[in-house]
A.B. asks: 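Sharing a structure, written as structure tokens. Questions coming.
Excluded from the calculations below are hydrogen atoms, water molecules and symmetry mates; all remaining heavy atoms, backbone and side chain alike, are included. Residues: numbered from 1 along the sequence shown.
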Amino acid sequence: IRIVLLVALNRVSLDKPKPKQRIRLMELDFYKGKHAAEIDVDIPDFDVDQAIASFEDDPADSAFQRGYLHGLLKSGYASYK
């Protein structure tokens with residue numbers, strides 16, 4: 001187990017992600033945001049329309065927030081147009 005861990009650690013780069021890696025990380029953040037929205041809309045007192053309206057004052061500026069907004073809009077619970 002120790003040898004496998006050392007090999008795995010040697011493959012991990014602590015440098016800045018390369019451009020393709022950054023795109024993949026942003027896509028991952030988008031889907032994390034979408035998933036978080038899917039969970040939130042199932043909370044009984046959660047106001048989907050209010051959550052969507054909050055993005056008017058403070059637009060989504062990260063992949064996670066864009067994914068979250070997308071998840072809210074596609075949830076089927078939104079009456080917001």
A.B. asks: Going by the rule ring-ring contact (aromatic ring centres under 6.0 Å, His included), which residues pair with His70 if we only count those two or more places apart in sequence or in a different chain?
C.D. replies: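 Phe30.
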
A.B. asks: Within this structure, what is the NZ-CG distance for the pair Lys74 and Leu69, rounded to the nearest 0.5 Å?
C.D. replies: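 Lys74 atom NZ to Leu69 atom CG measures 10.5 Å (nearest 0.5 Å).
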
A.B. asks: Nearest 0.5 angstrom please: Arg66 CZ to Asp61 CG, how far?
C.D. replies: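 With rounding to 0.5 Å, CZ (Arg66) is 7.5 Å from CG (Asp61).
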
A.B. asks: Test of understanding: clusters of I, L, V, M, F, W, Y form through side-chain heavy atoms closer than 4.5 Å, transitively. Do Ile39 and Leu73 belong to the same one?
C.D. replies: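 Result: no, two separate clusters.
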
A.B. asks: Among residues at least two apart in sequence or on other chains, which ones pass side chain to side chain contact (heavy atoms under 4.5 Å, CB included) with Ser62?
C.D. replies: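 Partners of Ser62 under the side chain to side chain contact (heavy atoms under 4.5 Å, CB included) test: Phe64, Gln65.
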
A.B. asks: Considering all heavy atoms of both residues, which atom of Gly71 and which atom of Lys34 are nearest to each other, and what is their separation?
C.D. replies: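 Closest approach of Gly71 to Lys34, heavy atoms only: CA-CG, 4.1 Å.
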
A.B. asks: I need the Ser54 OG to Asp47 CG distance, nearest 0.5 Å.
C.D. replies: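 The CG atom of Asp47 is 10.0 Å from OG of Ser54, to the nearest 0.5 Å.
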
A.B. asks: Looking at residues at least two apart in the chain, or sitting in another chain, which of them share a side chain to side chain donor-acceptor pair (under 3.5 Å) with Asp40?
C.D. replies: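 Side chain to side chain donor-acceptor pair (under 3.5 Å) check on Asp40 returns Tyr68.
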
A.B. asks: Mind checking whether Leu72 and Tyr77 have side chains closer than 4.5 Å, heavy atoms only?
C.D. replies: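 Answer no - side chains too far apart.
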
